[in-house]
S.K.: 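What follows is a structure written as structure tokens; I'll ask about it next.
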Amino acid sequence: MNNQIFFFFYNLAHQSVFMDGVILFCALYLPYLVSLSAFVFLLFHHEVLQADDKVAAFIEKKKEILISFFSGAIAWTLAHFLKEIFLAPRPFRVFSDVVPLLTKVDHSFPSGHATFYMALAFSIFLSHKKVGSIFIFFAIIIGIARIASGVHFPVDILGGFILGIIIASFVEYIDNFLLKKFKK
């Protein structure tokens with residue numbers, strides 16, 4: 001089933017210059033836009049702009065930014081550590097007829113992109129459900145593009161998503177635990 005889903009998305013590549021451009025944009029450049037959008041949202045969303053004391057509101061938002069991006073950074077680091085444990089080959093190493101749109105030389109499982117962007121998105125989702133849902137959607141688009149570009153199997157993306165959600169939940173739990181402990 002993993003291979004069937006892989007080829008379903010991979011077969012979108014190499015059909016036209018336009019479609020390859022869309023896949024490459026979503027796999028390479030959309031992640032930067034998502035990171036920037038997350039940072040801008042967390043920095044300037046309505047709570048800061050409507051606050052009487054904008055400086056105090058900004059300082060509170062700084063913590064939220066740090067937690068969200070810290071979740072992503074921990075998740076990304078753990079994903080790269082796990083790649084060295086699992087040593088899963090990329091699709092173009094398994095199937096000689098797969099020509100990737102991107103050049104990757106490391107291992108495949110779990111996807112660092114899927115892990116980072118799902119951790120970031122889920123961290124935002126825990127505090128801001130509507131906007132977090134949009135970021136989760138973008139994480140899914142990035143994951144699908146990584147499959148279509150021929151550098152990841154679906155299981156790599158799914159593993160990254162699960163790892164990202166677990167890490168974001170764990171960081172949120174630790175933050176809440178420490179917050180309660182030090183308020184006493």
Side-chain angles (χ1 to χ4, degrees), residues 5-6 8-10 12-13 18-51 54 56-80 101-102 104 108-176 179:
I5 296 170
F6 168 75
F8 175 81
F9 288 113
Y10 174 72
L12 297 172
F18 174 77
M19 192 59 177
D20 286 354
V22 169
I23 293 168
L24 284 173
F25 174 80
C26 292
L28 287 176
Y29 303 110
L30 181 61
Y32 293 111
L33 293 175
V34 169
S35 295
L36 180 62
S37 298
F39 180 77
V40 169
F41 168 74
L42 291 169
L43 187 60
F44 293 110
H45 73 287
H46 61 85
E47 294 169 10
V48 173
L49 298 176
Q50 294 176 351
K54 291 183 182 6
F58 171 76
I59 291 170
E60 179 61 30
K61 291 298 132 190
K62 182 177 78 172
K63 177 184 162 213
E64 191 174 341
I65 293 168
L66 290 173
I67 287 173
S68 296
F69 281 93
F70 183 68
S71 294
I74 289 174
W76 184 84
T77 302
L78 186 56
H80 284 276
L101 295 176
L102 307 169
K104 299 299 284 183
S108 185
F109 181 85
S111 165
H113 281 80
T115 306
F116 176 86
Y117 287 100
M118 187 54 77
L120 178 64
F122 199 73
S123 182
I124 294 170
F125 177 81
L126 292 172
S127 301
H128 309 279
K129 300 291 187 238
K130 289 180 184 178
V131 175
S133 298
I134 294 168
F135 281 104
I136 289 172
F137 171 77
F138 284 128
I140 292 168
I141 294 298
I142 292 167
I144 290 171
R146 305 293 291 180
I147 297 169
S149 65
V151 295
H152 280 292
F153 285 108
V155 72
D156 304 335
I157 302 300
L158 181 61
F161 287 165
I162 292 169
L163 182 59
I165 289 169
I166 290 169
I167 295 297
S169 299
F170 180 73
V171 169
E172 180 74 15
Y173 173 79
I174 294 298
D175 179 57
N176 289 335
L179 194 63

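One is the number of the first residue; the rest follow in order along the sequence.
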S.K.: Go through the steps for F116 and S35 under the test side chain to side chain contact (heavy atoms under 4.5 Å, CB included), then give the verdict.
M.R.: CA-CA 10 Å; F116 176 86; S35 295; 4.0 Å; yes
S.K.: For a quick test of reading the model, state the closest non-hydrogen atom pair linking I23 to L101 and the distance between them.
M.R.: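 Heavy atoms only, the tightest pair is CG2-CD1, 3.8 Å.
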S.K.: Starting at CG of L120, measure out to CD1 of I67 and round the result to the nearest 0.5 Å.
M.R.: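 The CD1 atom of I67 is 12.5 Å from CG of L120, to the nearest 0.5 Å.
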S.K.: Would you find more than 12 non-hydrogen atoms of other residues, nucleotides or ligands less than 6.0 Å from K129 atom NZ?
M.R.: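 Counting neighbours around NZ of K129, more than 12 heavy atoms of other residues, nucleotides or ligands fall under 6.0 Å, so yes.
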S.K.: On the 0 to 90° scale, with breaks at 30° and 60°, tag the H113-Y117 ring pair as parallel, tilted or perpendicular.
M.R.: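 Parallel, since the angle between the ring planes stays under 30°.
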S.K.: I want to check something: taking the side chain as every heavy atom from C-beta on, are I134 and K130 in contact at a cut-off of under 4.5 Å?
M.R.: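 No, too far: nothing below the 4.5 Å cut-off.
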S.K.: Please name the pair of heavy atoms, one in A75 and one in G164, separated by the smallest distance, quoted to 0.1 Å.
M.R.: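 What the structure gives for the nearest pair is CB-CA, 4.4 Å.
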S.K.: Could you tell me the separation between the CD1 atom of I5 and the CZ atom of F153, rounded to the nearest 0.5 Å?
M.R.: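 Nearest 0.5 Å value for the CD1-CZ distance: 12.0 Å.
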S.K.: For F69, does the CZ atom have more than 12 heavy-atom neighbours from other residues, nucleotides or ligands under 6.0 Å away?
M.R.: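 Counting neighbours around CZ of F69, more than 12 heavy atoms of other residues, nucleotides or ligands fall under 6.0 Å, so yes.
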S.K.: Might you point out which heavy atoms bring F161 and I140 nearest each other, and give the distance in Å?
M.R.: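 Between these two residues, the closest heavy atoms are CZ-CA, 3.7 Å.
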S.K.: Could you give me the CA-CA distance, side-chain angles and deciding distance for I124 and L42, then say whether side chain to side chain contact (heavy atoms under 4.5 Å, CB included) is met?
M.R.: CA-CA 8 Å; I124 294 170; L42 291 169; 4.2 Å; yes
S.K.: Measure the CD1-CZ distance between I165 and F122 for me, rounded to the nearest 0.5 Å.
M.R.: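 Going from the CD1 atom of I165 to the CZ atom of F122 covers 5.5 Å.
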S.K.: Quick one: are R146 and L102 in side-chain contact, heavy atoms under 4.5 Å?
M.R.: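 Yes, their side chains come closer than 4.5 Å.
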S.K.: Do F9 and P154 make a side-chain contact, defined as non-hydrogen atoms from C-beta onward lying under 4.5 Å apart?
M.R.: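 Sidechains of P154 and F9: no contact.
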S.K.: Rounded to the nearest 0.5 Å, how far apart are CD1 of I157 and CZ of F109?
M.R.: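 Interatomic distance, I157 CD1 to F109 CZ, rounded to 0.5 Å: 10.5 Å.
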S.K.: Tell me the closest heavy-atom pair linking A27 and A145, and the distance in Å.
M.R.: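 The pair with the smallest heavy-atom distance is N-CB, 3.6 Å.
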S.K.: Can you give me the closest heavy-atom contact between C26 and I142, atom names plus distance?
M.R.: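 Result for this residue pair: O-CG1, 3.7 Å.
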S.K.: Do the ring planes of F41 and H128 sit parallel (below 30°), tilted (30 to 60°) or perpendicular (above 60°)?
M.R.: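 F41 vs H128 ring planes: perpendicular.
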S.K.: Would you name the heavy atoms of F25 and P31 that are closest together and state the gap between them?
M.R.: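 Looking at all heavy atoms of both residues, the closest pair is O-CD, 4.4 Å.
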S.K.: Under 6.0 Å between the ring centres of F170 and Y173?
M.R.: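 For F170 and Y173, the ring centres are not under 6.0 Å apart.
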S.K.: To the nearest 0.5 Å, tell me how far I167 CD1 sits from I162 CD1.
M.R.: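 I167 CD1 to I162 CD1: 12.5 Å, rounded to 0.5 Å.
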S.K.: Using 30° and 60° as the class limits, which term best fits the ring planes of Y10 and F6: parallel, tilted or perpendicular?
M.R.: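 Answer is parallel, since the angle falls under 30°.
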S.K.: Using only atom types and a distance under 3.5 Å, with no angle test, would you say the side chain of S68 pairs donor to acceptor with the backbone of I65?
M.R.: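 Not a single qualifying donor-acceptor pair exists.
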S.K.: Can you tell me how far apart CD1 (I166) and CD1 (I74) are? Round to the nearest 0.5 Å.
M.R.: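 Those atoms lie 13.5 Å apart.
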